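Here's the structure we're looking at; comments come further down.
Since we're looking at a predicted model, the values are computed, not measured. We count residues from 1, following the sequence as given.
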Amino acid sequence: MFITCVAQEGSSKILSIRAAAEKNFLKKDSLIFYKSRLRESSLREKSKYVGALIYKYSSQISFLNRDFATASLEANKGLSYFKTHNLAEDEADTYRILGNIELLNDKSDIAYGYFRKSQMLYANCENLTNPDKVYLALNDLAYLYILNGNFSRAMELLSKTQKEAKSDEVLANTFSLFSVLSNRIDNFQESIKYFKLSKAIYLKEGRNTAALICDMNIAINHYHLKDYKKAIKELKAVLSKTTNSKEYYPLQLRGNLFLSNSYLEQSQYKQAIYYFDKVEQLVHSKQHEYDFLFESVYFETKALFLAKEKKYVEAEEILLEFVKNKLSVESIDSKIYFYKELEKLAKFQNKVSAVSAYRDSVHVYEEKKRLENQKNTTDLLIAEFKFNTVEKELQLKNKENELLKLKEKNQQLLLMTILGGIVLSLLFFVILYSRQRKINAIREEMFAKDKQFLETINKQKAVELEFKNKEILDFALHISEKNEILNEIKTKLKELPQKESLLKTRVNDIMMFINNTIDQNSDKVALYAEIDDVKDSFLQKIAVLFPDLTEKEIRVASLVRMQMSSKQIGQQLNITPASVDNYRSVLRKKMQIPKEQNLQEFLSDLG
């Protein structure tokens, strides 16, 4: 906010002007001060904002002095400037003033519109001088609902403010409205509670007069609760803290009047007359314009004194004078109340026709009140509906504008992102290409070295493998030849006559030794070949490629690969050459080897 004003004078000056105005606008002779500043600003001040601010605060003072026409005129003059220059906070402040003016003029529907506008402006305003101002607007709405009898809605708004607001100013205002609401529903104990809460805040801020007003209202509530002794004690305590200065005049008027009433209710006429005489003296001094509430109690008390003395005619005349001269523009509730009081006085005098006339007046005003409440409720509902509709349309429009701005922003961002991406991609490509060339050169060099190294290793391994295979084959052939010799010896030993048991035993021992020797040699060759095959990865490969081969078939394949004959394989595995040939056929079938291809070559290629 303050866009235009910052350009003209600078934000610091604007804030200091506002702070000075808010600090001084209720001081002595403040109305004269602001009127003179208003004239000066039109002549000397460069910034029209100062003049607009003075209009705003001057309208507040006129409002407090109940000069509603002047207050409305001044508020609208300031409002036109605030709206033109988008000064949201000042605009909202002015709407609150106009709303309260319309509320006191019984135009709830118009007041509602002003209060809702101020609430929306505060909610959307940045850098509020008091962040809780939005809750003051809610409190204005709550007061409107109280006056229109919608107590549940008022309670809802006040409870929200009490829960969320943080500033003492707003909380004090909220507690005061809770007190008003409690009095409206005759819950005087609750009203006392909230006045005590307000008083605590005022004492904390050093606002002693405001705290005294709370004490006065607490005492009056005790009066309504018919706790007259407590009311008298509290009223006297309040009056003892006042002086004869003008600011305490309303407190003295009200305090003495309710003291008089409290004593009168206890039939202590001497004390009642004493305090009522004080009221009369204050009224005749005319130090201050007293409000309608005081006048109502004042004339009611005068009539009550006369009624206690059974001077019903005089009491009736006083009330009639008040009703005719003072109630012409006041609330219907007061008219109903005083006509009921007049009806009571007429009954005491047995004036049947007067009783009937007053009762008819009560019925007329009750019906008028009902119709007026109905009209006010209808008007308020219509105003709420219209404003909610406008608010929704405005919110929808604002959302559309936000979406449009967001879309434009996203498009710009997308364009910038694309351009940035292209530039970064080109840069990245150049860097990557240069780096890749270096990496490729290094890789080629390393690959050449690795290849050369692997070739050397493979050659060494091939030589070692060939040597080892040859060694194993020679060893296997040696064992095979030895086994053949041993088998021949076995055959010849079997041909020997074995009639003697000792000879038979010796021959059996020799044959057993030969068999063990043959078995041990076979196991060595098998183990040697298996170790070599595991190292050469042949067994793993053949097991993966041909998973349906048995362990014996794999052993036969391993020995065939080593270029061993069927006879040699049979000797190693202790099976016949025919069985070995059978295994060879099974291997060809399971491995699907063509007839023209050599089995040993096929197995060697696998390794």
Side-chain angles (χ1 to χ4, degrees), residues 126 399-476 524-551 553-564 587-607:
E126 297 179 359
K399 194 169 284 185
E400 287 175 354
N401 290 335
E402 286 175 7
L403 288 172
L404 187 62
K405 288 179 181 178
L406 185 63
K407 187 178 179 181
E408 291 175 355
K409 188 176 180 181
N410 287 338
Q411 287 176 346
Q412 292 176 358
L413 185 62
L414 180 62
L415 183 61
M416 293 296 292
T417 304
I418 291 170
L419 291 173
I422 291 170
V423 172
L424 288 174
S425 298
L426 290 171
L427 184 62
F428 178 75
F429 178 76
V430 171
I431 295 171
L432 187 63
Y433 178 74
S434 175
R435 187 177 178 185
Q436 193 64 39
R437 285 187 64 184
K438 291 180 182 178
I439 291 171
N440 288 340
I442 294 169
R443 279 181 179 173
E444 287 175 3
E445 185 180 351
M446 290 177 66
F447 180 74
K449 289 180 179 178
D450 289 345
K451 187 178 179 182
Q452 185 179 358
F453 177 74
L454 288 172
E455 285 176 355
T456 305
I457 295 296
N458 288 334
K459 284 179 182 179
Q460 290 176 357
K461 283 187 176 181
V463 171
E464 289 175 3
L465 184 61
E466 185 179 354
F467 176 76
K468 197 163 190 179
N469 284 338
K470 186 178 179 182
E471 192 178 48
I472 291 170
L473 183 60
D474 291 342
F475 182 67
K524 280 184 180 180
V525 174
L527 178 62
Y528 206 167
E530 189 173 342
I531 290 169
D532 186 60
D533 284 334
V534 169
K535 183 179 178 183
D536 206 26
S537 301
F538 174 73
L539 290 178
Q540 288 90 334
K541 287 182 181 179
I542 198 169
V544 173
L545 292 172
F546 308 104
D548 55 342
L549 293 178
T550 64
E551 186 179 349
E553 289 167 351
I554 292 172
R555 282 184 175 276
V556 171
S558 178
L559 294 172
V560 169
R561 177 174 171 271
M562 294 170 62
Q563 300 179 355
M564 294 179 71
L587 288 170
R588 279 181 171 279
K589 185 176 179 181
K590 287 187 177 182
M591 295 180 178
Q592 298 179 354
I593 302 171
K595 290 182 180 180
E596 61 273 10
Q597 188 171 359
N598 184 276
L599 177 61
Q600 189 271 329
E601 291 177 358
F602 177 81
L603 292 171
S604 296
D605 291 340
L606 287 177

State which residues pass salt bridge (charged side-chain N to carboxylate O under 4.0 Å, His left out) with K449; sequence neighbours excluded, sorted by chain then number.
E445
Answer yes or no: is there a donor N or O on one side and an acceptor on the other, between the side chain of K590 and the main chain of D548, under 3.5 Å?
yes
To check you understand the geometry: which heavy-atom pair defines the closest contact between L603 and A557, and what is its length?
CD1-O, 3.3 Å
Evaluate the side-chain proximity of K407 to L403: yes if any heavy-atom separation is below 4.5 Å, no if none is.
no
Give, for atom CG of L587 and atom NZ of K589, the distance between the pair rounded to the nearest 0.5 Å.
12.5 Å
Using a 6.0 Å cut-off, check whether atom CD of Q411 has over 12 heavy atoms from anything other than its own residue.
yes
dist L599:CG -> S604:OG (nearest 0.5 Å) comes out at 9.0 Å
If you measure from CZ on F602 to CD on Q592, what distance do you get to the nearest 0.5 Å?
9.0 Å
To the closest 0.5 Å, what do you measure between CZ (R435) and CD1 (I431)?
9.5 Å
Roughly how far, to the nearest 0.5 Å, is the CG atom of L404 from the NZ atom of K409?
13.5 Å
Looking at every heavy atom in both L549 and M591, which two are closest together, and how far apart are they?
CD1-CE, 3.7 Å
Roughly how far, to the nearest 0.5 Å, is CD of Q563 from CD of E601?
9.5 Å
Ignoring hydrogens and geometry, is there a side-chain-to-backbone donor-acceptor pair from R588 to P594 under 3.5 Å?
yes
Using modelled atom types and a 3.5 Å cut-off, is there a donor and acceptor pairing between side-chain atoms of T417 and backbone atoms of L413?
yes
